[in-house]
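Given the structure is predicted, the values throughout are model-derived calculations rather than measurements. Both backbone and side-chain heavy atoms feed into the values below; hydrogens, waters and symmetry mates do not.
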Amino acid sequence: MTDPGRYSAISTINHWVTALLVVVMLVLGFAAGAAPSEAIAEYVMAIHISLGFFVLIFVAWRVMFRLYEGFPANVGPTAMERWAAYLVHRAILILLALQVVSGPMYLFTENECMDVFGWFSVCVPLESLAIIHEPMEWIHLNIGIYVLPALLMLHFLGAIRHYAVDKRQETPSDL
């Protein structure tokens, strides 16, 4: 990275692909929870689980690449904003990693497979770890329903603040 305050092109692509995938997964999860019938909920969850297989691969790549490349310097006019950016960026990555682990564990600990659009299934027989099924369910649902959306909103509002307010205050020589 040449500029310590900027993300690389690969990181930028990773960010936006992840953003799209996470929004789709959240929408599918909320849609399944609000489905008018069990059949519709099961259909939506089948899509959520199938897409989740690819999200798992991509999020694993994203987290590993971020660890390899490191984080750029946090920018912001105040120490509080830099600290908040530091925490929110890392918390989102940690929670995404936890989501892509807890989702499959939630299935595998009940001897269920990840059916991927009917193309293939991924089965890991972990029913001997059934004791962690409920905690995995609780973690996956609560992060997905409450924590991740709240952090994503903070991230979104911080980005708006950064680009709408902070960028206006920079002089042309700063750009």
Side-chain angles (χ1 to χ4, degrees), residues 1-35 41 43-78 80-107 114 116-117 119 122 136-168 170 175:
M1 230 184 303
T2 57
D3 181 354
R6 307 268 314 165
Y7 286 98
S8 69
I10 292 174
S11 287
T12 302
I13 292 167
N14 282 346
H15 174 273
W16 288 109
V17 170
T18 303
L20 175 66
L21 291 172
V22 168
V23 168
V24 169
M25 292 298 283
L26 286 172
V27 167
L28 288 169
F30 282 117
Y43 179 77
V44 173
M45 281 310 297
I47 296 169
H48 179 85
I49 291 167
S50 293
L51 185 58
F53 172 80
F54 297 103
V55 173
L56 183 154
I57 293 168
F58 190 79
V59 166
W61 151 255
R62 169 106 195 270
V63 170
M64 287 187 297
F65 188 78
R66 175 59 42 229
L67 292 173
Y68 167 77
E69 190 176 58
F71 288 84
N74 288 309
V75 295
T78 68
M80 179 70 142
E81 288 174 347
R82 289 188 298 275
W83 180 78
Y86 176 91
L87 287 179
V88 169
H89 286 139
R90 284 153 181 83
I92 289 172
L93 279 180
I94 290 166
L95 292 176
L96 288 176
L98 196 52
Q99 284 297 88
V100 300
V101 169
S102 64
M105 290 296 285
Y106 173 36
L107 295 172
M114 287 180 75
V116 183
F117 297 114
W119 302 334
V122 176
M136 288 295 114
E137 177 184 21
W138 187 90
I139 287 168
H140 194 75
L141 293 176
N142 283 286
I143 288 172
I145 292 171
Y146 304 110
V147 184
L148 197 53
L151 284 174
L152 293 175
M153 186 56 66
L154 278 174
H155 179 60
F156 183 70
L157 292 172
I160 290 172
R161 168 144 172 56
H162 175 69
Y163 287 105
V165 177
D166 297 345
K167 292 287 184 181
R168 251 189 310 167
E170 293 177 353
L175 302 173

Worked check of side-chain contact (heavy atoms from CB on, under 4.5 Å) between I92 and L152: CA-CA 7 Å; I92 289 172; L152 293 175; 3.9 Å; yes
Looking at V22, V24, V23, which one forms a side chain to side chain contact (heavy atoms under 4.5 Å, CB included) with L26? V22
Do you know which two heavy atoms are closest between F30 and I145, and how far apart they sit? CZ-O, 3.7 Å
CH2 of W138 to CD1 of I143, rounded to nearest 0.5 Å, is 8.0 Å
Mind listing the closest non-hydrogen atom pair of A41 and A32 along with its distance? CB-O, 3.6 Å
Can you give me the closest heavy-atom contact between S11 and R66, atom names plus distance? OG-NH2, 2.5 Å
Residues, nucleotides or ligands: over 12 heavy atoms within 6.0 Å of Y43 OH: no
Would you check if L56 and P104 make a side-chain contact, meaning some heavy-atom pair closer than 4.5 Å? yes
For residues N14 and W61, determine if any side-chain heavy atom of one lies less than 4.5 Å from a side-chain heavy atom of the other. yes
Atom pair CG/CZ of L21 and F58 - distance to nearest 0.5 Å: 6.5 Å
Closest non-hydrogen atoms of I139 and Q99, given as atom of the first, atom of the second and distance, are O-OE1, 3.7 Å
Are the side chains of L148 and L96 in touch, meaning some heavy atoms are under 4.5 Å apart? yes
Any cation-pi pair here, R82 with Y86, using under 6.0 Å and within 45°? no
From M114 CE over to F53 CZ, what is the distance, rounded to the nearest 0.5 angstrom? 7.0 Å
To the nearest 0.5 Å, what is the distance between CD (E137) and CG (L141)? 5.0 Å
Which atom of F71 lies closest to which atom of H89, heavy atoms considered: CE2-CB, 4.3 Å
Can you tell me how far the CG atom of L51 sits from the CG atom of L28, to the nearest 0.5 Å? 6.5 Å
Classify the angle between the aromatic ring planes of F117 and F54 as parallel (below 30°), tilted (30 to 60°) or perpendicular (above 60°). parallel
side-chain contact (heavy atoms from CB on, under 4.5 Å) between W83 and L87: does it pass, once the steps are laid out? CA-CA 6 Å; W83 180 78; L87 287 179; 3.0 Å; yes
Distance, nearest 0.5 Å, that separates CD of E81 from NE2 of H162: 10.5 Å
Would you name the heavy atoms of V59 and A97 that are closest together and state the gap between them? CG1-N, 4.1 Å
